[in-house]
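Let me begin by presenting the structure, written as structure tokens, before commenting on it.
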Amino acid sequence: MSVSGRGLYDKIVDLAKRRGIFWVSFEIYGGVAGFYDFGPIGVLIKRNIMNQWLKYFVYSRENIIEVETPIVNPRVVFRASGHEEHFTDPVLVCSKCGRVYRADHLIKDVIGVNVEGWSPGEITKLVREKGLKCPECGGEFESAFNALLLFTTQIGPYKGETAYLKPEHAQGMFINFPHLFKIMRSTLPLGIAQVGRVARNEISPRQGLLRLREFNIMEVEFFFDPAEAEREVYEVIGEVEDEKVRVVTAEERIKGVEEPIEYTVKELIEKRIVKTPWLAYWMGIGNKYVKSMGIPGDKIRFLEKLTHERAHYSAQTFDQEVYTERFGWIEVAGYAYRTSYDVERHAELSGADFTVFKRFKEPVVVKEEKAYPNPGEISKIISGDKLKELLQSLYQRKPEEVARELREKGFVELAGIKLPSSCFYLKTEEVKLHGEKIYPHVVEPSFGLERLLYVILEYSYMEREDKVVLRLPPYLAPYHVAVFPLMTGKKPEHVKMVEVARSIYRNLVGRGFRALYDEEGSIGRRYARSDEIGIPFAVTVDHQTLDDNTVTVRDRDTTMQVRVKINELEKYLVEKIGLEFLI
RNA sequence: GCGGCGGUAGUCUAGCCUGGAUUAGGACGCCGGCCUGCCACGCCGGAGAUCCCGGGUUCAAAUCCCGGCCGCCGCACCA
């Protein structure tokens with residue numbers, strides 16, 4: 001088959017392997033599904049995608065900070081997050097044909113029993129009692145077990161504590177929220193970002209870079225006060241209020257509509273399409289970010305997840321999808337409204353204080369009923385050491401709580417003894433409240449780096465006269481500029497060209513450019529090689545250079561050349577590339 | 001995990017059906033040399049293949065059979 005006849009995906013995979021972008025890991029041992037190695041060009045492009053993300057989501061915002069937390073997490077972290085419960089599925093395997101079923105789904109469909117929360121042992125017992133067989137081949141089922149999609153390991157080389165590799169960064173930010181909140185002078189909203197590796201033990205990873213077992217996530221957990229969200233969003237919305245995003249709402253999807261409707265970020269908020277305005281804000285930022293990397297706006301859409309598609313922690317989720325030739329619409333980012341779910345779970349299991357003190361504009365005076373013990377009356381019911389003990393524990397309790405219990409039940413129960421209201425002095429006091437404690441809510445934009453890499457490659461891949469040109473935006477290119485001598489022979493002027501080209505190369509590198517020097521093969525071949533990995537500009541030292549200190553700068557996309565003075569080359573390139581590369 | 005299809009140098013591929021004379025052929029790329037006044041130039045030379053792995057059938061296996069690994073597609077799964 002000719003090169004142009006094959007699919008885009010195949011061409012990208014070939015290019016990626018040939019030029020050192022990515023390839024299947026552990027190749028010499030036959031490869032392992034779901035793992036990819038990234039080569040010299042791949043790591044550079046990935047880092048640029050990451051830098052671009054940091055610029056959009058972190059560096060240009062005063063209230064977003066970045067952290068790095070361990071990949072290995074003790075079990076309790078994912079017990080708190082609900083992953084241990086929800087990320088695991090009870091599974092039944094047919095002993096005859098080997099088919100795997102979700103036990104809860106199958107039992108509900110066939111027997112009509114809801115086994116949610118049952119142990120594998122209980123499920124196995126039910127399957128045996130009811131004689132449930134494999135619906136495909138009629139074979140017996142093996143004992144049910146929980147298939148956990150978290151990678152499991154141990155902390156400590158022997159007899160270690162069970163631990164999991166994190167499947168997302170989120171918990172690292174939640175756990176550190178109380179500490180970081182103080183560092184950031186106790187101010188909301190506060191965004192905590194993290195970029196790096198996570199691992200998911202996928203049952204059957206497939207589709208190249210799109211479903212990996214180890215990959216990079218770029219994620220922000222954005223903590224805010226839901227009551228102030230609308231006001232605070234409007235303080236910063238200028239940047240994105242008119243940004244147009246294409247959305248398919250859950251309501252539309254239920255009706256069978258897949259065609260997105262275009263809204264501005266402001267409209268998403270005003271029409272109450274989003275359950276918190278911050279969701280719309282971050283969708284706007286994410287839309288701009290993805291467009292900045294060469295993805296056309298009309299190839300991006302946000303798909304609201306239906307209730308049953310959403311993760312356990314989410315009140316509303318939008319997937320940001322990009323249209324690909326090979327796989328259709330694929331998710332590159334998720335925007336989840338996690339409410340205070342995680343924060344409250346970690347508060348509960350750790351005992352740490354995750355609340356935020358919210359100061360009122362004016363102190364509020366509230367009347368509060370309080371009940372103080374009346375030892376004289378109590379001694380009529382009980383005496384001696386028992387009285388002493390009782391009084392001690394009574395003094396431990398807050399008078400307003402005691403009053404409430406009296407109000408609700410008519411008595412206070414302590415160590416089996418019921419104390420009527422006659423045992424208390426009841427008082428109504430005025431209390432000045434300066435604020436209240438609230439749990440912050442969280443919105444989470446979360447990007448898959450490798451998926452972005454793939455869609456960016458798809459949209460930048462072009463062929464010109466059977467040659468590959470990777471039209472990467474200049475700031476994503478692995479190198480900003482290539483430097484070539486026109487001739488590399490033995491004639492004195494050829495030797496001089498090499499010398500000048502090398503010195504230009506060294507100067508550019510010294511000034512912070514990523515530059516590539518190449519003198520192998522013909523000039524045309526060198527242009528072709530640099531086009532293939534997306535280098536946007538090529539500087540050539542030719543005969544005229546030796547006369548007047550000018551070089552030609554060739555544009556990758558137009559192949560047009562302009563002549564530039566060597567001492568103005570840096571300025572010229574900075575103008576062309578933009579300042580993005582200086583991150 | 002199940003089923004279907006596939007796996008030959010860095011890449012793309014011929015050969016497989018119909019087992020043997022092909023030293024596993026070609027193109028591109030790569031390396032060395034010559035040449036070369038701007039878009040994969042030309043010439044000469046060179047390196048590069050566990051024919052995915054293991055087993056079986058056979059006098060003989062890249063080729064046929066079985067198992068495994070990997071990839072793609074469909075199903076299941078994707079918190």
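Heavy atoms only: backbone and side chains are in, while hydrogens, waters and symmetry mates are out. Chain letters run A, B, ... following the sequence lines, proteins first, then strands; residues in each count from 1.
Among the nucleotides B:C72, B:A40, B:C78, the one closest to the side chain of A:Y9 is B:C72. Listed candidates were B:U36, B:C78, B:A40. Nearest to the side chain of A:T488 is B:U36. Closest approach to the A:E520 side chain among B:C38, B:C31, B:C73 is made by B:C31 (side chain taken as heavy atoms from C-beta onward). Distances were taken from every side-chain heavy atom of A:R206 (C-beta onward) to each of B:C39, B:C72, B:C30; the shortest belongs to B:C72. In this structure, of B:A79, B:C78, B:C39, it is B:C39 that holds the atom nearest to the side chain of A:Y527. Side-chain proximity of A:M487 to the nucleotides B:C73, B:A40, B:U36 is greatest for B:U36. Residue A:K491 places its side chain closer to B:U36 than to any other of B:A40, B:A79, B:U36.
Checked for salt-bridge contact, A:R310 and A:D319 miss the test: no charged N lies under 4.0 Å from a carboxylate O. The pair A:R75-A:E161 does not count as a salt bridge, with every side-chain nitrogen at least 4.0 angstrom from each carboxylate oxygen. Using a cut-off of 4.0 Å between Lys/Arg side-chain N and Asp/Glu carboxylate O, A:E304 and A:K275 are scored as not salt-bridged. Between A:R326 and A:E458 no salt bridge is recorded (no basic side-chain N to carboxylate O distance below 4.0 Å).
One P atom belongs to B:G15, the other to B:G6, and the distance between them is 14 Å to the nearest Å. Comparing B:A21 with B:C53, their C1' atoms are spaced 29 Å from each other, to the whole Å. Taking the P atoms as reference points, B:C5 lies 22 Å from B:A9, given to the whole Å. Comparing B:A24 with B:G19, their C1' atoms are spaced 15 Å from each other, to the whole Å. Between B:C41 and B:A47, the two P atoms lie 23 Å apart (nearest whole Å). Here, B:C2 and B:G20 have their C1' atoms 39 Å apart, quoted to the whole Å. B:G7 sits 14 Å from B:U63 when the C1' atoms are compared, rounded to a whole Å. Rounded to the nearest Å, the gap between the P atom of B:A49 and that of B:U8 is 15 Å.
A:H86 places its NE2 atom 13 Å from the P atom of B:C78, with the value rounded to the nearest Å. To the nearest angstrom, P of B:G37 lies 16 Å from CD of A:Q561.
For B:G37, the base is stacked against the aromatic ring of A:H543, per a cut-off of 5.5 Å between centres and 30° between planes.
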* To do: Take A:F57 and A:F447 through the test ring pair (Phe, Tyr, Trp, His ring centres under 6.0 Å) and record every step on the way to the result.
  => CA-CA 11 Å; A:F57 285 83; A:F447 285 80; 5.4 Å; yes

* Asked: Are A:Q194 and A:M173 close enough, and set up right, to give a side chain to side chain contact (heavy atoms under 4.5 Å, CB included), and what steps lead you there?
  -> CA-CA 8 Å; A:Q194 185 163 188; A:M173 287 86 120; 3.4 Å; yes

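In this model, no side-chain donor or acceptor of A:Y29 finds a partner on the base of B:C69 within 3.5 Å. Not a single donor-acceptor contact under 3.5 angstrom links the side-chain atoms of A:D14 to the base of B:C12. For B:C78, its base never sits under 3.5 Å from the side chain of A:R200 at any donor and acceptor pair. For B:C38, its base never sits under 3.5 Å from the side chain of A:R526 at any donor and acceptor pair. One N or O donor and one acceptor, one from the side chain of A:E532 and one from the base of B:A40, sit under 3.5 Å apart.
Regarding contacts with the backbone of B:G10, every side-chain N or O of A:K17 stays at 4.0 angstrom or more from both OP1 and OP2. Residue A:S522 has a polar side-chain atom (N or O) positioned under 4.0 Å from OP1 or OP2 of B:C41. Between A:R525 and B:C41, a side-chain N or O to OP1/OP2 separation shorter than 4.0 Å is present. In terms of phosphate contacts, A:R326 brings a side-chain nitrogen or oxygen within less than 4.0 Å of OP1 or OP2 of B:C73.
Heavy atoms of A:E27 sit nowhere under 4.0 angstrom from any nucleic acid atom. Using a 4.0 Å heavy-atom cutoff across all strands shown, A:R529 reaches sugar-phosphate atoms only and no base atom. A:E84 comes within 4.0 angstrom of nothing in the nucleic acid, heavy atoms only. Looking at heavy-atom distances under 4.0 Å, A:H312 makes contact with sugar-phosphate atoms alone, never a base. Residue A:G34 is in sugar-phosphate contact alone, with no base atom involved, counting any heavy-atom pair closer than 4.0 Å across all strands shown. Using a 4.0 Å heavy-atom distance criterion, A:K490 is classed as a sugar-phosphate-only contact. Across all strands shown, A:F327 has heavy atoms under 4.0 Å from sugar-phosphate atoms exclusively, and none from any base. Within 4.0 Å of A:G208, counting heavy atoms only, lie sugar-phosphate atoms of the nucleic acid but no base atom. Within the 4.0 angstrom heavy-atom criterion, no nucleotide atom of any strand lies near A:R213. Using a 4.0 Å heavy-atom criterion, one finds that A:I28 contacts the bases of the nucleic acid, with or without backbone contacts as well.
Side-chain atoms of A:K305 and A:F318, non-hydrogen and from C-beta on, never get closer than 4.5 Å to each other.
Each of A:Y335, A:F177, A:W278 was evaluated against A:F222; a single residue qualifies, A:W278, per the ring pair (Phe, Tyr, Trp, His ring centres under 6.0 Å) test.
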